[in-house]
There are 2 protein chains.
Amino acid sequence: MITLEDVAARAGVSRATVSRVVNGDTNVRAQTRLIVETAVAELGYSPNPAARALASSQSNTLGLVTTNYRGGFFGALMDTVQSETELHGMQLLVTQGRSSAENELGAIQRLYNLRCDGLVLHIRALEDEALLKLAEQGRKFVVLDREVAGLEDRCVVFDHRSASELATQVFINGGHTRIACLHGPTSRASSLLRRQGFLDAMHNAGLEPVATLEGDYDMPSGHQQTTLLLQEARPTAIYCCNEEMALGAMLAINERGLRIPQDISLICYDSGERAPFVRPALTSVHFPISEMARYATRKLLNEHCEKESFLPQIVHRDSVRGNQ
Amino acid sequence: MITLEDVAARAGVSRATVSRVVNGDTNVRAQTRLIVETAVAELGYSPNPAARALASSQSNTLGLVTTNYRGGFFGALMDTVQSETELHGMQLLVTQGRSSAENELGAIQRLYNLRCDGLVLHIRALEDEALLKLAEQGRKFVVLDREVAGLEDRCVVFDHRSASELATQVFINGGHTRIACLHGPTSRASSLLRRQGFLDAMHNAGLEPVATLEGDYDMPSGHQQTTLLLQEARPTAIYCCNEEMALGAMLAINERGLRIPQDISLICYDSGERAPFVRPALTSVHFPISEMARYATRKLLNEHCEKESFLPQIVHRDSVRGNQ
DNA sequence: GTGAAAGCGCTAACAG
DNA sequence: CTGTTAGCGCTTTCAC
């Protein structure tokens, strides 16, 4: 392995100087810099991260902990956070919390033991107090898509309630009155918010929901709940709080011999993975997880980045009937 | 930060001894071990990976490079490789090759520069020669789901041809004669193999394919190709070379007012993400990527693990009509 | 603008 | 079985 020493010898300078040019220190004469740079190139030198980390007591590593790796927008999330991390010349370590507070905390501890310089947390199970305690210990982290009281400045949030309200409003504006909502587990704060947005919009329009059904954010539960719904009621519009459940709902609607949007209109929460690709393409309310993840990573790396807020937006596609 | 030194002082032993117990060296008296262990626990000591890596010139890190992070079975792949890596007390670094030879090589180099002890490569674009050259340079890696001539012992492979043959055979045994195949890009070796298996089975049965169509392994292309197919021909069975295209095919079939399996039977290549969850659940030929990934990781870590081979298996579900 | 020197926290011989 | 002693390759004062 080529070391700093080798490069220094080749260039006829000291190790300190090589270190300076490699790290972009400006206090080096242009000529010296050039000599060193050629030596680096000729030798194919690449700094040893372990030595660097040891000497500087910075690992140059960020950590990402998510609930799980499967489905949903995990790929997009990881992609975004990693791109941003690499843009800063750092590397990313990723771990999953496997949907339990215990595992999530374990993952976090592991990452800190690995000396990560900071963590992006996209977790659901771990309680606020644990996060608060971590902050007290001086740990550096940001929380993605979750509001923690007392940690507002570390949280990158999205207003799920008004996003849902907006989505529901599309139906209402289109003249729909018999509207159902298929939401996620009531054990999750963001599910509750999404449902609330729906209820608020209905209430403000003086409308009674045909039904509010609870699913698991997966396709089978979307299919099952919608099947039950269609047996008992005759909604003209269904609002699905994520894409997977919307796929399940589509299946159930098709099986029943009903058509979208002629018989039933559909809007879903959009992570951009599915909604544009099914037929009919689903009208949705966009959840800008990538943008949020990018901002979260920047925030972690750079204390003073200007505050951004993320507003829900409707993406009109082909699954809604009515005078939009 | 608590160091070895601190623990040594607390326990009244030398640093070397602490290092031994932390690393599970057996040459330590039980009593000494106990004292050290309590000191570790009381102080909350956790070894500094950078220092460790520097001193031992092993990073304790494995790398995984994949084509991309989105869809397909990436989540399962990453999950499996990481679990196996952590089982060995190591950590995993993941990068994507973004489907170009250049990027894939870049990702590999980056990971080696980061001093990864070994790499799991699940890549498509990079040419065999580049891989051969890497091997010559003494780089440690295994190749997942790809056969590289001259590197057979580092490759974990699956017989895509016979998997496809097996799948097609299910249709044939069921009495189908008008069978079409929707395969992936012919630029990819494994796509070609999957198509070949289909053609072989048809040929052996003395049957002429209704059509062989090329898609992009994504849902829109599955939808599009199937739509075209149904305009021009009337197959009773379609074999789809991945799940996403099968979803697209299902949509097209539904749109045409046809039913699965009454009018058209469907079988797909199965990565386990989708096929079991749609309605009707899709009969498929299982591609055991998780098992293969686990084996690949073990192989990377342990030179002498017994050879495993992975055989295609049919998972019967509800999308095939006929006397199976 | 550049060099000398002192570690960063750990592992790995080598003694004893 | 345990301690001593060198480094691992780099960053970082502090002089010059």
Side-chain angles (χ1 to χ4, degrees), chain A residues 1-40 43-61 88-91 110 112-117, chain B residues 1-40 43-61 88-91 110 112-117:
Chain A
M1 210 66 275
I2 312 291
T3 72
L4 249 203
E5 184 102 49
D6 301 327
V7 178
R10 173 87 169 219
V13 298
S14 74
R15 282 156 39 201
T17 301
V18 179
S19 175
R20 287 191 189 99
V21 347
V22 168
N23 292 294
D25 189 318
T26 50
N27 286 124
V28 180
R29 208 175 2 142
Q31 206 194 117
T32 317
R33 172 181 304 281
L34 198 66
I35 298 176
V36 174
E37 278 168 351
T38 24
V40 165
L43 261 27
Y45 167 72
S46 128
N48 183 322
R52 223 172 209 185
L54 186 56
S56 67
S57 56
Q58 292 201 130
S59 67
N60 247 279
T61 298
H88 287 256
M90 304 179 72
Q91 56 183 309
R110 212 174 327 133
Y112 281 129
N113 284 343
L114 254 19
R115 308 300 193 269
C116 282
D117 297 329
Chain B
M1 208 69 273
I2 311 291
T3 71
L4 249 202
E5 184 102 49
D6 300 327
V7 179
R10 172 87 168 221
V13 299
S14 75
R15 280 156 39 198
T17 301
V18 179
S19 175
R20 287 191 190 98
V21 347
V22 168
N23 292 295
D25 188 319
T26 49
N27 287 122
V28 181
R29 206 173 6 140
Q31 206 193 122
T32 317
R33 171 181 305 281
L34 199 65
I35 296 175
V36 173
E37 278 167 351
T38 25
V40 165
L43 261 26
Y45 168 72
S46 128
N48 182 323
R52 225 173 208 183
L54 187 56
S56 66
S57 55
Q58 294 201 130
S59 67
N60 247 278
T61 297
H88 287 256
M90 303 179 73
Q91 56 185 308
R110 212 174 328 133
Y112 281 129
N113 283 344
L114 255 16
R115 308 298 192 272
C116 282
D117 297 328

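Every chain is numbered from 1 and lettered A, B, ... according to where its sequence line falls, protein lines coming before strand lines.
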Give every pair of a protein N or O atom and an N or O atom of nucleotides 9-13 of chain D that lie under 3.5 Å apart, one pair per line with the distance.
from, atom 1, to, atom 2, distance (Å)
D:dG9, N2, A:Ala51, O, 3.4
D:dC10, OP1, A:Tyr45, OH, 2.4
D:dC10, OP1, A:Asn48, N, 3.2
D:dC10, OP2, A:Leu4, N, 2.3
D:dC10, N4, A:Arg15, NH2, 2.3
D:dT11, OP1, A:Asn23, OD1, 3.4
D:dT11, OP1, A:Asn23, ND2, 3.1
D:dT11, OP1, A:Arg52, NE, 2.9
D:dT11, OP2, A:Ser19, OG, 2.6
D:dT11, OP2, A:Asn23, ND2, 3.4
D:dT11, O4, A:Arg15, NH2, 3.3

Does [X] reach the main-chain N or O of [Y] with its side chain, forming a donor-acceptor pair under 3.5 Å?
{"X": "A:Arg115", "Y": "A:Asn113", "result": "yes"}
{"X": "A:Asn23", "Y": "A:Asp25", "result": "no"}
{"X": "B:Ser19", "Y": "B:Arg15", "result": "no"}

To the nearest Å, give me how far apart [atom1] ([X]) and [atom2] ([N]) are.
{"X": "B:Asp6", "N": "C:dG9", "atom1": "CG", "atom2": "P", "result": "9 Å"}
{"X": "B:Asn27", "N": "C:dG16", "atom1": "CG", "atom2": "C1'", "result": "15 Å"}
{"X": "A:Asp25", "N": "C:dG1", "atom1": "CG", "atom2": "C1'", "result": "10 Å"}

Residues B:Arg52, B:Asn60; criterion side chain to side chain contact (heavy atoms under 4.5 Å, CB included); working and verdict: CA-CA 9 Å; B:Arg52 225 173 208 183; B:Asn60 247 278; 5.6 Å; no

Sugar-phosphate only, base, or nothing, as touched by B:Thr17 at under 4.0 Å among non-hydrogen atoms: sugar-phosphate

Verdict with supporting geometry, A:Val13 and A:Thr32, side chain to side chain contact (heavy atoms under 4.5 Å, CB included): CA-CA 8 Å; A:Val13 298; A:Thr32 317; 4.1 Å; yes

B:Pro49 and its side-chain contact (heavy atoms from CB on, under 4.5 Å) partner, picked from A:Thr61, A:Leu114, A:Leu54: A:Leu114

